[in-house]
Amino acid sequence: MECCVYWIRAKEHTDIFTEGYVGITNNFDYRMSQHISNCTNPKHYKNYRTAFRECVNSGNYVATKVVIAHREYCLE
């Protein structure tokens, strides 16, 4: 199955290893909509760090596909 590794970060972030959020999905657009929705939903937003929620809610973020490959490769 083809997936992507993605990085959601504030525009000023430069280090994928220490800043922002890195995830894996087989449906990038749907997963992004989930992140955006969850950051405003009290039932789910506790799962996100405050800085991440604030970044997404303000629109001051960049979401980048870092790798597109088979799931096994992305998980490595």
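It should be emphasised that the depicted structure is a prediction, and the values quoted were computed from it without experimental measurement.
For His35 and Tyr61, the side-chain atoms include no donor-acceptor pair closer than 3.5 Å.
Although no hydrogens or angles enter the test, the distance criterion places no donor-acceptor pair under 3.5 Å between the side chain of Ser37 and the main chain of Gln34. Proximity of a side-chain donor or acceptor of Ser58 to a complementary backbone N or O of Asn60 within less than 3.5 Å is detected.
In this structure, CD in Glu72 is found 9.0 Å from CE in Met1, a value given to the nearest 0.5 Å. Note that SG of Cys3 and CG of Leu75 are 7.0 Å apart. Values are rounded to the nearest 0.5 Å. In this structure, the separation between OG on Ser33 and CZ on Phe28 is 10.5 Å, given to the nearest 0.5 Å.
Shown here for Cys4 and Lys65, the closest heavy-atom pair between the two residues is SG-CG, 4.0 Å. Smallest separation of non-hydrogen atoms from Asn26 and Glu2: CB-O, 3.6 Å. When every heavy atom of Trp7 is checked against every heavy atom of His13, the shortest pair comes out as CH2-O, 4.2 Å. Closest of all the heavy-atom pairs between Ile24 and Cys74 is CD1-CB, 3.2 Å. Considering every non-hydrogen atom in both Thr25 and Asn27, the closest pair reads OG1-N, 3.0 Å.
Connection of Val62 to Val5 is not established within any shared hydrophobic cluster, with ILVMFWY side chains joined at heavy-atom distances below 4.5 Å, either directly or through further cluster members.
Residues Val66 and Ile16 are in side-chain contact: their nearest non-hydrogen atoms beyond the backbone lie under 4.5 Å apart. Annotation: side chain of Arg31 is in contact with side chain of Tyr6 (closest heavy-atom distance under 4.5 Å).
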